[in-house]
Number of protein chains: 2
Amino acid sequence: MAVTIKVNEETFTPRQQAVLTAALDLLVENGDGLTMTAVARRASCSKETLYKWFGDRDGLLTATVQWQAAKVRMPQVDRTGLNAKTLRASIEQFARDLLTVITGEVSITLNRTAVTHAAQEKDRLGNIVLENGPLAIRRRLKPILEAGRDARLLRFTSSEDAYRTFFGLVVRDVQIRLLLGDKALTQANVEANIEADVKSATDQFFVLYGTKAHNA
Amino acid sequence: MAVTIKVNEETFTPRQQAVLTAALDLLVENGDGLTMTAVARRASCSKETLYKWFGDRDGLLTATVQWQAAKVRMPQVDRTGLNAKTLRASIEQFARDLLTVITGEVSITLNRTAVTHAAQEKDRLGNIVLENGPLAIRRRLKPILEAGRDARLLRFTSSEDAYRTFFGLVVRDVQIRLLLGDKALTQANVEANIEADVKSATDQFFVLYGTKAHNA
DNA sequence: TCGTAGGCGTACCGTACGGTACGGTTCGAC
DNA sequence: GTCGAACCGTACCGTACGGTACGCCTACGA
C-alpha cells in the first residue's frame, strides 16, 4: 500500500506559510472550531484566496497538518563509534525527543485533529501524523537498535517488537491522557518529569533488551 | 478536585436505553456525524422527546458515552490465595481485558468522540472515558500489585509507576494507531495477536518488577 | 366516555458556516 | 499610462443542523 507522503515537494510561499500559521494558531486555540472565515480574518486574506490555494476546507486542514508535522525533526543520531555509553545516550535522546514532542501543544492539537478526522472514515490526516510522529521515530530508532544488537549490546529477535516496547515504556498513558484533556496532567507537570521518565524508561529498556555488556 | 462521575444512579428506562443504543450505533457508523434528526429517526422517536430527556445534543452525547463506558466491566480478580501462579494469571487477565477493550470498535468510537470533545475545551467526555477506561483498570490493578508486593512476589516503590509501566507494556502504540485510523492495524489483525501480546507484556512486566520468588 | 399525559412525526425557525461572486486596490510588465 | 494578474474585503447563497412548536395518536385513569 506504500503510503507516500509528499512533503515540501512544492514548498509553500511565505505568504501561504503565514496563512498556515494562522490556521494552526486557530487550531491550537479553538480546537476544531476552525472556520474559513476565521482563518481569512486572522491571516488578513480573502476567503477566495484560501479556496484558490487550498481547494477546500479539507485541503487547508491537510496542508496545515502536513506542513506542521513535517517540521518535527528528530535530531539525527550517528551510529559511528557505538559503545555502551553512546548507545544509552542515543536511546535516552530518542525517549526525550518522543516525550517532548507528544507533550507539546502543537502535537496534541495535530493528533486531536487527526483523530477527529479519522472518526469520519478519513485516514488522511491520521496517516500524516503517524508518518511524521511514531513512524518517523521508528525509522530512525531501528537502525540504532540493530547496530546495538550487532555490537552485542542489545538482544532481541524482532527490532519491531523492541521498538514498540520502547514506545510503550516511554509514552505509557501520557499521550492518551493528554488527548483526552486530563486536567491532572498539566503541561508543566509533565515537562517537569520528562528527565526522570526518560531515565526510567531507558533503564527499563536496557533491563529488558540489554546484554551483560551493556553497562560496561 | 475529585472528579465524581454519576453512573447509573438514575437508571435509564428501557426506552431511553434504546435511544442511547441508536445514538451509539450512529456514532460507530458515522463517526461524529451524529445529528439529532438521525438519532430520532433511528430510534423512532421525536426530536422533542430527545430534548426533553437529554436537554441538548451535548447531554445526549454525554449520556451515551457515560452509559456505554460504564458497561465496560473488568472481571473482578480476587486476591485471596495469592501465589506466583495466580498473580501471573491475574496480571495476564488484566492485560487481556485492557487490550480487548481498547481494540474494540465501541472503545475506539468513544475515545475518538471524547478526544474530539476535548479539542473544544470540554473535558467532560474525556474524564468519563478516562474514568471508566484506564483509571478503572488502575483502581483494580493496584490492589493486586500491592498484594503481590506484600507477598514478596513483586518489587517496586511506587505502585503508580508500576501500573503505568504495565499500561505502556500492554498498550504500546496500538491505541493511538487505532485512533488515528492506521489501516495497517485491522481489527482482526490485532485481535489475532492479543494472546501473544498479553504473554509478552506479562513476561516483561515480571522481568521488571518480579522478585526471584515470582517464578516458583 | 372524557380528559390528560406522554410521545410520534413533521414542519418550521435561526444561525453558522462552506463555498462563490464581485467590486476595488496594488503592483509589476510592457 | 494601460493592462492584467493577484489579492483583499465584503456581500451573498445554499444548506445542514440545533432547537422549538404544534397537530395527532394512544393509553390510561376517573
Side-chain angles (χ1 to χ4, degrees), chain A residues 10-67 109 112-114 116-117 119-122 124-125, chain B residues 10-67 109 112-114 116-117 119-122 124-125:
Chain A
E10 38 183 333
T11 326
F12 296 110
T13 69
R15 185 75 183 97
Q16 286 171 334
Q17 294 189 26
V19 170
L20 294 180
T21 302
L24 182 72
D25 288 349
L26 283 173
L27 223 47
V28 171
E29 290 170 25
N30 300 341
D32 206 10
L34 179 70
T35 72
M36 301 301 275
T37 306
V39 174
R41 188 153 37 219
R42 174 75 64 109
S44 290
C45 72
S46 73
K47 283 170 68 177
E48 197 170 12
T49 303
L50 291 186
Y51 284 100
K52 184 192 284 188
W53 284 349
F54 304 103
D56 56 5
R57 184 177 183 278
D58 231 56
L60 173 60
L61 214 52
T62 304
T64 305
V65 170
Q66 196 167 94
W67 179 64
T109 299
R112 279 184 182 155
T113 307
T116 301
H117 219 66
Q120 288 139 19
E121 343 265 286
K122 306 178 189 172
R124 186 127 177 254
L125 295 188
Chain B
E10 37 183 335
T11 327
F12 297 109
T13 69
R15 185 75 184 97
Q16 286 171 332
Q17 295 190 26
V19 170
L20 294 179
T21 302
L24 183 71
D25 288 350
L26 283 173
L27 222 49
V28 172
E29 291 170 24
N30 301 342
D32 206 11
L34 180 71
T35 72
M36 300 302 273
T37 307
V39 174
R41 187 151 41 217
R42 175 74 66 106
S44 292
C45 72
S46 73
K47 282 169 67 177
E48 197 169 12
T49 304
L50 290 186
Y51 285 99
K52 183 189 287 186
W53 284 350
F54 304 103
D56 57 4
R57 184 177 183 278
D58 231 55
L60 173 60
L61 215 52
T62 304
T64 305
V65 170
Q66 195 168 93
W67 179 63
T109 299
R112 280 184 181 155
T113 307
T116 301
H117 218 67
Q120 288 140 18
E121 341 266 285
K122 306 177 188 171
R124 186 126 178 257
L125 295 188

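All chains are named by letter (A, B, ...) in the order of the sequence lines, taking the proteins before the strands, and each is independently numbered beginning at 1. The basis for the numbers below is simple: all heavy atoms, side chains too, and nothing from hydrogens, waters or symmetry mates.
As rounded to whole Å, 13 Å separates atom P of C:dC8 from atom CE of B:M36. Atom-to-atom, CZ of A:R15 to C1' of C:dT26 comes out at 14 Å; the value is rounded to the nearest Å.
Separating the CD atom in A:E48 from the CE atom in A:M36 is a distance of 12.0 Å, to the nearest 0.5 Å. A distance of 12.5 Å separates CD of B:Q17 from CG of B:L24, quoted to the nearest 0.5 Å. Here B:F54 contributes atom CZ and B:L61 contributes atom CG; the two are 11.0 Å apart, rounded to the nearest 0.5 Å. Atom OG1 of residue A:T35 and atom CZ of residue A:R41 lie 7.0 Å apart, to the nearest 0.5 angstrom.
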Trace of the side chain to side chain contact (heavy atoms under 4.5 Å, CB included) decision for A:W53 with A:L60: CA-CA 8 Å; A:W53 284 349; A:L60 173 60; over 6 Å; no
Please evaluate residues B:R15 and B:V19 with respect to the criterion side chain to side chain contact (heavy atoms under 4.5 Å, CB included), reporting the C-alpha separation (whole Å), side-chain torsions for both, the decisive distance (0.1 Å), and the verdict. CA-CA 6 Å; B:R15 185 75 184 97; B:V19 170; 4.2 Å; yes
Trace of the side chain to side chain contact (heavy atoms under 4.5 Å, CB included) decision for A:L27 with A:R112: CA-CA 10 Å; A:L27 223 47; A:R112 279 184 182 155; over 6 Å; no
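With sequence neighbours left out, B:D58 forms a salt bridge (Lys or Arg N to Asp or Glu O under 4.0 Å) with B:K122.
Near DNA chain D, defined here as any heavy-atom distance below 4.0 Å, the residues from residues 37-49 of chain A are A:S44, A:C45, A:S46, A:E48, A:T49, listed numerically. Contacts between residues 51-65 of chain B and DNA chain D, defined by a heavy-atom separation below 4.0 Å, involve B:Y51, B:D56, B:R57, listed by number.
Using a 4.0 Å heavy-atom criterion, one finds that A:L50 contacts no nucleic acid atom at all.
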